[in-house]
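This report refers to the structure that appears directly beneath it.
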Amino acid sequence: MSFWGLLASVIPVDLLTGLKTTGKYLFSRKATVQYPEERKEPADRFRGMFGYSLERCNVCRGCEKACPIGIIHIESHWEEYEQDGKKRKKQVIDRYDIDVKRCMFCNLCAEACPTEAVWLTTKTYEAAAYERNHALYFNKEKLMHWEGVKAFPGMKPPAEGGLPAFRLGGEEEEDH
Amino acid sequence: MSEENKVQQPAPPKMPWEEKPVPPQPQDAGEHPLVRELEAAVPGAVVEALEFAGQVSVVVALDGLMAVLSALKGMGYRFLVDLTAVDWKDRPEGRFDVVYWLHRHGDSARLRVKVRVADGVEVPSAVELWPTANWMEREVFDMFGIYFANHPNLERILTWEGFSGHPLRKDFPIEGIDTGAAVYPDIYPPGGGPVKPKGGA
Amino acid sequence: MNELLWTYVGWPLLKILVILLALVLLAAYLSWFERKLLAYMQIRLGPNRVGPKGWLQPIADALKLFVKEDLTPGFAEKFVFLLGPVLIIVPALVVFSVIPFGPSPHLFITDVNIGVLFILAVSSIGVYGIILGGWASNNKFSLMGGLRSAAQMISYEVPMGFSVVTVLILAKSLSLVRIVEAQKQAGLWFVFPGFVAFLVYFICGVAETNRNPFDLPEAESELVAGYHTEYSGMKFAFYFLAEYANMVVVSSLATVMFFGGWLRPFPNVSALAFLDVIPPLVWFLLKVAFFLFLYIWFRGTFPRYRFDQLMGIGWKVLLPVSLVNLLVVAYFVSLPGGQV
Amino acid sequence: MADLQATLLGGEEMEVSFGPQHPATHGVLRLLLKVDGEKIVDAKPIIGYLHRGTEKLFERETYPQCIPHTDRMDYTAAATNNQGFVGAVEKLMGITIPPRAAYIRMILAELQRIASHIIWLATHALDIGAVTPFFYTFEEREKILDLFEEYCGARLTLNTMRIGGVPWDLPEGWTHRCRRFVDELPKKIEDWERLLTNNRIWKARTVGVGVIDAEKAIAWGLTGPPLRGSGVAWDIRKVFPYDHYNEVEFHIPTGKNGDTYDRYLVRMEEMRQSVRIIRQCLDRLPDGPVMAWVPKVIRPPKGEVYFSVEGPKGELGYYIVSDGNVTPYRVRVRPPCFVNLQALPELVKGHLVADVVAVIGTLDIVLGEIDR
């Protein structure tokens, strides 16, 4: 071992640099976010709780087909109504269920939706529940009102006029 | 903008990503240099050679497999990238394709070697040539039930000992089988679908 | 008669009680201090929820450990399993009976004329707690932790002893009070003549208390939790407390032997007399706190040594260094007028 | 002499079940260790605790539906998993993606590589006993995740690529924030290195541990940093460039000795190279569409294709067999961790128990990908 090597092994410069670094961070700004009191605002595109608008939905079932794990369940029937003296038929939703506990928030349903009736860009993520089978199984009323879901401050559930924070997916195109 | 101008300026050429994609076509690769090289080393080994999307695959006979593989290793294919299988359930010439995907570092050539085997037929193990084949063959055995002769330790790897069936076979139900491992069947019903309310559809 | 009773029973008991309580609280708050400090080094805030600014966190932790179910594994050797925590906590606390916190006789429980020997002897009993606990748990990780600890403690006891002997040569006494007084007479802390001895002592101290970078017996990522893997509730709390109490012991000893105990820096330089406004007890505690801070700083910075490397350092580096150092110091002291 | 020693000193071998619940096995890996004292005589990895049958699942899903499932294999590197899968399908269908999409993909993939290496560094250092780097590194990773969240709305399981491009354009100001991040990162990397690279304890724990030479590494099929650590300059991004990797400059860091320390250095340098790639991508980011024209229903022709990307852990390959249907006939994932883990018994034999955790850390395994 050379003299310098010996000296370097006696004076632990490497260890002291380490100590200096941690010492420096001791006085640095802390990264902690004090969660319940402080919240980081999610980005506009953040995919969180579902928003669902019954009025916009034209029952194309695109979301049901697009869902990779098949957690969207739609039932509907045809209803006749008159418009401008003509008889017309439209589909009426009986049931629109999303099993949110199994959802992986991939956004494929929102991308498949031509009318932007289902979206995930709600910034809302506090949907934890003690019992997931029922609390996290949303039918259309629950979806509209976000029952048991704590909306992110500033966001409203769809029933109260909440709209997506950002349009994420779904090309602008006419209904079919 | 006048009519004339429009005529004079031809429409800009469509970029490749704006056009309808042209899928690659399979071509016979009997004359491909990689195949000819193999053919020269082991005459008569190649049963079929195909090039698709720039990748060459050769089908070899099961009895010539070891000769082909060791010849390939001698030719510089030192790296076994992948070893897997495909299940063609009702194919008459053998149910499974065992697929070797080899790489040569010198010229970055890649060659896919396939061998067709029927259910229950043993395939010689490639562990001697490439130690990395060990777990890959175990996985193929586990998932497809293809046995490898002379494998040092052919046991299940991803599923557990005592699991019945080979999941990646086409006749294995995609919903899974009842292994008796369901924990709370009354709360979490089998099948894993949405919990439907009583009396619902 | 009554007076006698008070002098020989009442007063010492009271002192013991106060020091015991203070010590347990100190150890508990040391853990809080450590968590907070580590957190600040790791750019986070640390415990700040229980009580104002998290001040009550150690109390909450203690309460939690009190009410937790006390599990004994089915295959454990029941009696020895119980004995382990007792064997480790008792020596850790007993050692404090001879540590002088200040010059007045009210500030130490007793001044034994073999204080240093007493500490070395008693504190080595602690290792039995670890070995027995690890063995009795009947868990392979615990056993490995116990064995590592045994080997580690035995190998580091030797260089530590030699570095302590250096101080004894300088002070010519085994009594801790006398050691401090010798430093006062010499007018200088023993860390200056015995710097190498101090380094060896402190490294050994870190190793003896199983702290990072020598925390092998409980190396979390290797041995799950080492010797106390199977312990829970109060038994675990004993191990935990003992570790922190031992840290305080090592720091106190370092203070007493090398940093002049309760003395201010350069006790004989009258220019620095204004420093005497700070009472001796506070001087002592400040010095101890500095060493505890070092402990935590090390933990926040260094990776962990491997077992064989640890042994290598103990036997191949620290032992020869401390021996040579001892010889050199002894030579200088034996020179005529070599009195420090 | 050795025999005599064995009879005098050799005791019984002990079997230690290391995991699946163990702090250092990075998930649910189980190692059956045969130890003689603390010396490893034999190690046998037992895997499959996280097996979810992803490959079988692919056979049920349509091609676009497969993409979110790929996120969940190597969950520390979702973007590169996406990249591999969509790349394979694009190759199968002959789709050329617009350059802007390719550049966005590259940026995402390199950010993901940094994020993955950060997790590796954090857990590796934690395993070796240094707690603090974990927090420093995770602060930076959080920034990467913020960038991901801003771009695609998710932080971990991104589902951020589609067949034919990327689903969305970059949000306003994203490139600026990304540039600021990559400008800051090298300073942070220096800080991390100050804690570890020259530290004698870190060196004592990593130099000469888990050595594998180039010949053996290739035979065991190692790819990624473990292979490069052994001195083989081999990187899919250079050998078979995908997206637009042939247009950016970077070099492949290699080690000399193939030990844990060299692999550490390789990965640290890779992070810097990734920063370099991201900078170039941001400079060159072209305008234009982000999606190619693709049919509404993805129905590739009959055929089979293997496509691999350089994942953070090694060569991540997808072998897709299509029978002309909307669902793949067979998807085989070539998981780099699975192959790399296989070499673990080779690497730890003769070392001590403490080295096992170092070697597990240096292989950078993710059980989600191993078990699929």
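All values below were derived from every heavy atom in this structure, side-chain atoms included, with hydrogens, water molecules and symmetry-related copies excluded. Within every chain, numbering begins at 1; the chains are lettered A, B, ... in the order of the sequence lines, protein sequences first and strands thereafter.
Chain C forms the most heavy-atom pairs under 4.5 Å with one residue out of V353(D), V356(D), L352(D), and that residue is L352(D). For the set K140(C), Q309(C), R306(C), R299(C), the entry with the most heavy-atom pairs within less than 4.5 Å of chain D is R306(C). Interface remark: of the candidates I201(D), L196(D), T132(D), I201(D) forms the most heavy-atom pairs closer than 4.5 Å to chain C.
Using a 4.5 Å cut-off between heavy atoms, I128(D) contacts chain C through both its backbone and its side chain. In this structure, chain C has a heavy atom under 4.5 Å from the side chain of V357(D), while its backbone stays farther away. Only the side chain of N199(D) comes within contact range of chain C, with at least one heavy atom under 4.5 Å from a heavy atom of that chain. Looking at A204(D), both its backbone and its side chain come within 4.5 Å of chain C, counting heavy atoms on both sides. Heavy atoms closer than 4.5 Å to chain C are found in the side chain of V35(D), but not in its backbone.
A ring pair (Phe, Tyr, Trp, His ring centres under 6.0 Å) with H124(D) is found for one member of Y264(D), W202(D), Y261(D), F134(D) and no other, namely W202(D).
Taking the six-membered ring for Trp and the full ring otherwise, Y231(C) and F81(C) have centroids separated by under 6.0 Å.
Atom CZ of R141(D) sits about 8.0 Å away from atom CD of Q112(D), to the nearest 0.5 Å.
Ion pair K313(D)/E369(D) not flagged as a salt bridge, since none of the NZ, NE, NH1 or NH2 atoms sits closer than 4.0 Å to an Asp/Glu carboxylate oxygen. The pair E184(D)-K187(D) does not meet the salt-bridge criterion, since no charged nitrogen lies less than 4.0 angstrom from a carboxylate oxygen.
Taking the six-membered ring where the residue is Trp, F214(C) and Y156(C) present tilted rings, their angle falling between 30° and 60°.
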